[in-house]
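Data block below; observations after.
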Amino acid sequence: MTRAEVHAFIDALATRNPAPETELSFADPFTLLVAVVLSAQATDVSVNRATETLFQVAPTPKAMIALGVDGVASHIRSIGLWQTKAKNVVQLARDLEDKHGGQVPPDRESLEALPGVGRKTANVVLNVAFGEATMAVDTHIFRIGNRTGLAPGMTPREVEDGLLKRISPARLRDSHHWLILHGRYVCKARRPECWRCVAAAPCRYRDKTPSPQPELQAT
DNA sequence: ATCCCGAGGG
DNA sequence: CCCTCTGGAT
C-alpha cells in the first residue's frame, strides 16, 4: 500500500466510525504506563474498572510501592494475568523511584527495561505521553497489515516500520484507534466481515469470505 | 473452543 | 520459533 492508500483507508475508517476517542485518556505518564501494562490481553472495560479504584489509592510510584503486590492484586483480580501484572506494576514503580527519580523515562531503552513493558507498550507511552512518532503494533494492527498486503509475511517490526513511513505524524494517534476498531469488529481474526470493509486497496481476504447479508444473520 | 489493544522466558 | 500466564468475550 502506498502512503496515499493508507491515509485514504484510515480516513474511510474514521468516516464510518462515529465513536470518539475515549481510551487511554490518563493525564499523567505514570498512570498511562500502568494502565497500558495492565491492558495486555484484557478488555478495556475491565482495565478501566480496575484502574479507577487502583489509581484512587495509588496514583504515584511511591503510593504504588506502599500498596504492595497484594494490595495491587486486590484491585486487578478481575482482569487476566493479574498475578504477573501485580508484581510487574510494583517492581515497575520501584524501578522508577530507584533509577528515574520517580518519573516515567521518555526514552525507549529505559521504558523497555521496565518489567511488563515491551515494544508495543513503550510505543504507546512514547506516542501518547511524549508525543513521539511511534506506531504501537498490537495483534489487530499486525493482522490488518498482513492481510492488506502492506507486505505479506511481515514481522510485527516490519509492519511497524511500514506504517510509520506511510502515516503522517499528526495522524498516528487516531490511526491506532481506527485500525484497532477495524481489526476488532470487521477485520477480525476469525470470520472477518469483508462485506463491511471500506478498504479500497488490494487485500488478500477481499471477496474471499462469505458475504451474508447482515439482515439475514439472525442469532 | 478460541482469541484477546503482550511480555517474558526457553 | 515455541510456550505460559489468566479472566473475559464470543
Side-chain angles (χ1 to χ4, degrees), chain A residues 10 13-14 17 19-26 31-54 69-70 72-93 95 104 108-129 134-147 153-160 163-164 167 171-193 196 205 209 212 214 217-219:
Chain A
I10 291 168
L13 294 179
N17 289 279
E21 167 76 54
T22 55
E23 305 163 41
L24 298 181
S25 56
F26 298 96
T31 51
L32 168 70
L33 172 58
V34 173
V36 177
V37 167
L38 294 180
S39 72
Q41 298 295 106
T43 63
D44 49 345
V45 175
S46 63
V47 172
N48 283 339
R49 190 152 28 87
T51 53
E52 192 177 350
T53 63
L54 176 64
V69 175
D70 292 340
V72 172
S74 70
H75 289 274
I76 66 173
R77 283 211 180 92
S78 59
I79 66 180
L81 313 180
W82 58 271
Q83 300 179 88
T84 308
K85 287 172 180 174
K87 290 177 194 166
N88 282 345
V89 165
V90 173
Q91 185 56 49
L92 181 152
D95 286 355
V104 176
R108 175 185 302 287
E109 255 197 76
S110 301
L111 286 170
E112 290 189 14
L114 297 168
V117 180
R119 189 172 182 91
K120 185 259 179 181
T121 300
N123 279 336
V124 172
V125 173
L126 286 171
N127 183 346
V128 178
T134 62
M135 195 72 207
V137 178
D138 58 31
T139 57
H140 288 319
I141 296 182
F142 174 70
R143 186 173 62 249
I144 293 170
N146 275 291
R147 284 182 179 171
M154 265 189 171
T155 65
R157 179 56 188 272
E158 288 167 337
V159 172
E160 178 184 326
L163 287 175
L164 205 49
I167 298 176
R171 298 284 319 259
L172 283 176
R173 266 259 246 169
D174 66 306
S175 294
H176 282 94
H177 183 70
W178 302 127
L179 286 170
I180 289 168
L181 281 183
H182 181 60
R184 194 191 224 304
Y185 297 113
V186 178
C187 194
K188 300 182 291 186
R190 298 214 313 274
R191 300 169 61 193
E193 302 183 7
R196 295 209 285 138
Y205 277 58
T209 54
Q217 280 209 307
T219 65

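Per chain, numbering begins at 1; letters A, B, ... match sequence-line order.
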From CD of A/Glu112 across to C1' of B/dG6 the rounded distance in Å is 12 Å
Provide, to the nearest angstrom, the distance between the NZ atom belonging to A/Lys87 and the P atom belonging to C/dT4.
-> 17 Å
Can you find a side chain N or O atom of A/Trp82 that sits less than 4.0 Å from OP1 or OP2 on C/dC5?
-> no
Between P of C/dG7 and CG of A/Asn48, the distance in whole Å | 20 Å
For atom CD1 of A/Ile76 and atom P of B/dG6, their distance in whole Å | 15 Å
Phosphate OP1/OP2 of C/dT4 contacted by A/Thr84 side-chain N/O (<4.0 Å) = no
What nucleic acid atoms does A/Val37 come within less than 4.0 Å of, heavy atoms only: base, sugar-phosphate, or nothing?
-> nothing
Could you state the atom-to-atom distance from CZ of A/Arg77 to P of C/dG7 in whole Å?
-> 11 Å
Which residue lies more 5' along DNA chain C, comparing A/Lys85 with A/Arg49 via nearest heavy atoms | A/Lys85
Measure the shortest side-chain to side-chain distance between A/Leu33 and A/Thr121 over non-hydrogen atoms and say whether it is less than 4.5 angstrom.
-> yes
Whole Å only: how far is the CG atom of A/Asp44 from the P atom of C/dG7?
-> 19 Å
Go through B/dC3, B/dA7, C/dT6 for me and flag the one nearest to the A/Ala189 side chain.
-> B/dC3
Nucleotide nearest A/Gln83 when distance is taken to its side chain, options C/dG8, B/dA7, C/dT6 = C/dT6
Can A/Asn48 and A/Glu52 be said to form a side chain to side chain donor-acceptor pair (under 3.5 Å), step by step?
-> CA-CA 6 Å; A/Asn48 283 339; A/Glu52 192 177 350; over 6 Å; no
Under 4.0 angstrom between A/Thr121 side-chain N/O and B/dA7 OP1 or OP2 | yes
Counting N and O atoms only, with roles assigned by atom type, does the side chain of A/His177 sit under 3.5 Å from a partner on the main chain of A/Arg173, one being a donor and the other an acceptor?
-> no
Taking all heavy atoms of A/His75 and all of A/Ala50, pick out the closest pair and write down the distance.
-> O-CB, 3.4 Å
Of A/Thr43 and A/Arg119, whose nearest nucleotide on DNA chain B comes first from the 5' end?
-> A/Thr43
Are any non-hydrogen side-chain atoms of A/Ile144 and A/Val159 less than 4.5 angstrom apart?
-> no
Nucleotide nearest A/Ser78 when distance is taken to its side chain, options B/dA7, C/dT6, C/dG8 = C/dG8
Between A/Lys120 (NZ) and B/dG8 (P), how many Å, whole number?
-> 13 Å
Proximity to the side chain of A/Leu81 - top-ranked nucleotide from B/dA7, B/dC4, C/dC5 = C/dC5
Contact class for A/Ile79 vs. all strands (heavy atom < 4.0 Å): base, sugar-phosphate, or nothing?
-> sugar-phosphate
Report yes or no: does A/Arg196 contribute a side-chain atom to a donor-acceptor pair with the main-chain N or O of A/Tyr185 at less than 3.5 Å?
-> yes
Phosphate contact (B/dT2 OP1 or OP2) by A/Arg191 side-chain N/O below 4.0 Å | no
Which part of the nucleic acid does A/Leu38 contact within heavy-atom distance under 4.0 Å: base, sugar-phosphate only, or nothing?
-> nothing
Take atom P in B/dG6 and the same atom in C/dT10, then report the distance between them in whole Å.
-> 16 Å
Using a cut-off of 4.0 Å on non-hydrogen atoms, how would the nucleic acid contact of A/Gly80 be classed: base, sugar-phosphate, or nothing?
-> base
Once you round it to whole Å, what is the distance between P of B/dC4 and CD1 of A/Ile144?
-> 11 Å
